[in-house]
Number of protein chains: 2
Amino acid sequence: MVTLAEVARHAGVSASTVSYVLSGKRTISAPTRERVERSIRELGYHPNAGARALASSRSNIIALMMPLRTDMYVPVMMEIAIAVATTARERGHDVLLLTGHEGPEAVRRVVGSGLADAMILMDVELEDRRLPLVREAPRPAVLIGLPADTGELTCVDLDFTATGRLCVDHLAGLGHRDVAVVGEAAAVYERRTGFAERTLQGVRERATELGARVLHRPCEGSYESVAGTLARVFDERPSTSAVIVQNEAAIGPLLGLLRQQGRAVPEDISVVAVCPEQVATSQSVALTSVAIPAQEMGRRAVELVMAKLDGAGGAVPARVELLPPRLTTRASTGPAAR
Amino acid sequence: MVTLAEVARHAGVSASTVSYVLSGKRTISAPTRERVERSIRELGYHPNAGARALASSRSNIIALMMPLRTDMYVPVMMEIAIAVATTARERGHDVLLLTGHEGPEAVRRVVGSGLADAMILMDVELEDRRLPLVREAPRPAVLIGLPADTGELTCVDLDFTATGRLCVDHLAGLGHRDVAVVGEAAAVYERRTGFAERTLQGVRERATELGARVLHRPCEGSYESVAGTLARVFDERPSTSAVIVQNEAAIGPLLGLLRQQGRAVPEDISVVAVCPEQVATSQSVALTSVAIPAQEMGRRAVELVMAKLDGAGGAVPARVELLPPRLTTRASTGPAAR
DNA sequence: TAGATGTGTCGAAGCGCTTCAATAGCCCGT
DNA sequence: ACGGGCTATTGAAGCGCTTCGACACATCTA
């Protein structure tokens, strides 16, 4: 492996000069810089990451902690992860992938060893066990998702309360008065991840304000479960004319079942989904939906964490950044039958 | 941050002793070891990753290169990634996440900088542009997927040819003589990722051997596309009594459409899918399927790459490891109508 | 012209760890 | 009682880079 010293010799300068050419932390005259750069190219030099990390106490690595459960919202997670990795690379950083399997200890290990300069945590629960460690860690962190207590923490998430309100707004505007919410699996509520509750709260608030009724039922993604949920909903409230689906896995089965039951979408029943655009558009009926801006969440998380890294003074205040939901009207919603 | 030197002082031993306690590369007497371990715990010591990497020229990091396109087989990719990360951690390594966006250069960067000790490449294409770099890199690599020329390379993949044969075996055994293959999107074939072709080849080989006919049609995951494909299939060959689905995104729509058309599964038509177990079991009809052993692939990839790292002599020969497919019979396949 | 200022480069001191050769102490057989 | 062969421990030399202060020289100001 070519070292910085060899580059320096080849270019006829000192090692520190090469280093400054690389980092730009001191002015180097154009001729010298060019000479050094040529040597770097000719020798095929790559700075050694370990040495760099040791000398500068910066690894240029961001740790990304994935959720423990890999059974839910997989495409969203993946999209976030890719966005994080891509954005980080644009800013000269790499991403270390941590899974939930290691538990909260991972935070300590990564921070303690200086492996990563900062952390991004996904799938944050309301009382997440990683939070105490994050709070006292001497490294910046950004959460994707909202815990119960956001004090001292920087978080990014979709504004799910507003999302719920927005869905109801749209449906009520079309004249719907009886709305069903096909929620996430019961396990999601038990884990207290927060977002499902927040959506529901938004739905209820707005429904109350607009004089609509809401029937909420948790629902797994399996065909069977959706069938059961749907049956119970129509049984309990036959006047239901609109459905808000939060569990993206339930969408396909839901549409299939409605068709099978002879309920036309949107003529007999309107459907609004909270899901990635791609899911909304690839169904049998293009769905009116509120997009989950996975990419933007990942990007913002990196930007926030980098701002903290740069603003070394620690002067960057903690903040909660809720992305505004955007509802796209497609073919699955229409005026309520009178 | 606590350093090794401080631990040494605290325990009343030399730095090297602490190092040897940590690495186990020399025998340390029990009392000394315990004293050192206590000091480590009491001081909350974590070895500095950068210093370690520098001194040992081992970063204990494995790079995982994700596919560029994030639109396909997402759950499989995710499962592989998680399995890789988990297995790597069990073996004392971390995983660096690289996206395809950086291009083949990423290989050079990661290897050149010593950031990672080894690489695992996903979504390998037949003529993958990363391969030349991988071949000449002084670091071990394992591919998940099969390129055209596997010389000098270590690869892990599901044996897709055998998968194709297996599906036909099963269907022919039930008396089916006209089989349709709902393949991957045309883009997949153009990208020449190999696995789709291999499956098809297996299907054709075995069908010829058993005297069955095969009709293959590429197909996108959208509802529309599946509808079109299905229409064309039944139009062209009305006697089709079984379908092999390779594109997992097409499964939901396919089942929905069949039901809608009044074709009962499995009475009128049998369906075999190549997809993750979870997908097979959460449909309206539990699907007979060949599982994509994502987890096992990830795990094996790590094991192979670690074997290469350990067998430092370079004595570990390149090898192609094809995992045998396993077909699970569920409710979607039955005897052909006579 | 002398001093002040600024620019570009260099030397050297680490960063925290691993590892090798060397050492100190021990038990053994004779 | 002494050399030989163990085992447990140590000191010191780096690993390749960053960064700080120093320095040489050119340019400006009074």
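Naming: A, B, ... by sequence-line order, numbering from 1 per chain.
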What I want to check is whether an N or O donor and acceptor connect the side chain of [X] with the base of [N] at under 3.5 Å.
X: B:Y20; N: C:dC20; answer: yes
X: A:R26; N: C:dT9; answer: yes
X: A:R35; N: C:dG8; answer: no

Separation of atom [atom1] in [X] from atom [atom2] in [N], rounded to whole Å:
X: A:L4; N: D:dC15; atom1: CG; atom2: C1'; value: 13 Å
X: A:L22; N: D:dG16; atom1: CG; atom2: P; value: 16 Å
X: A:R9; N: D:dG16; atom1: CZ; atom2: P; value: 12 Å
X: A:R33; N: C:dC10; atom1: CZ; atom2: C1'; value: 18 Å
X: A:L115; N: C:dC15; atom1: CG; atom2: P; value: 20 Å
X: A:M1; N: D:dG16; atom1: CE; atom2: P; value: 11 Å
X: A:L54; N: D:dG14; atom1: CG; atom2: C1'; value: 12 Å
X: B:R58; N: C:dT18; atom1: CZ; atom2: P; value: 13 Å

TODO: Report the residue (A:A30 or B:S16) whose heavy-atom-nearest nucleotide on DNA chain C is the more 5′ of the two.
DONE: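 Counting from the 5' end, the first nearest nucleotide belongs to A:A30.
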
Task: A:S29 vs B:R52, nearer the 5' end of DNA chain C by closest nucleotide - done: A:S29

- [ ] Identify the residue among B:I120, B:L131, B:D123 that makes a side chain to side chain contact (heavy atoms under 4.5 Å, CB included) with B:L143.
- [x] B:L131

Task: Expected output: side-chain B:D94 to main-chain B:I61 donor-acceptor under 3.5 Å - done: no

Task: 5′-ward residue of the pair B:I28/B:A55 relative to DNA chain D - done: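 First, find each residue's nearest nucleotide; the 5'-ward one identifies B:I28.
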
[X] side chain: which of [options] is closest?
X: A:V13; options: C:dC10, D:dT9, C:dT18; value: C:dC10
X: A:K25; options: D:dT19, C:dG11, D:dC15; value: D:dT19
X: B:T27; options: C:dG16, D:dA8, D:dG11; value: D:dA8
X: A:S14; options: C:dC10, D:dT18, C:dC17; value: C:dC10
X: B:S56; options: C:dT19, C:dT9, C:dG16; value: C:dT19

Open item on the list: At 4.0 Å (heavy atoms only), tell me whether A:S19 reaches a base, stays on the sugar-phosphate, or touches nothing.
Closed with: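 The residue A:S19 makes base contact.
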
Open item on the list: So B:T17, base contact, sugar-phosphate only, or nothing? Heavy-atom distance under 4.0 Å.
Closed with: base

Task: Residues A:R33, A:E37: salt bridge by 4.0 Å N-O rule - done: no

Task: Salt bridge B:R9-B:E6, side-chain N to carboxylate O under 4.0 Å - done: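 No, no charged N to carboxylate O under 4.0 Å.
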
Task: Greater than 12 external heavy atoms within 6.0 Å of B:E42's CD - done: yes

Open item on the list: Are more than 12 heavy atoms, taken from residues, nucleotides or ligands other than A:R129, located less than 6.0 Å from that residue's CZ atom?
Closed with: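 No, because the 6.0 Å sphere around CZ of A:R129 holds 12 heavy atoms or fewer from other groups.
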
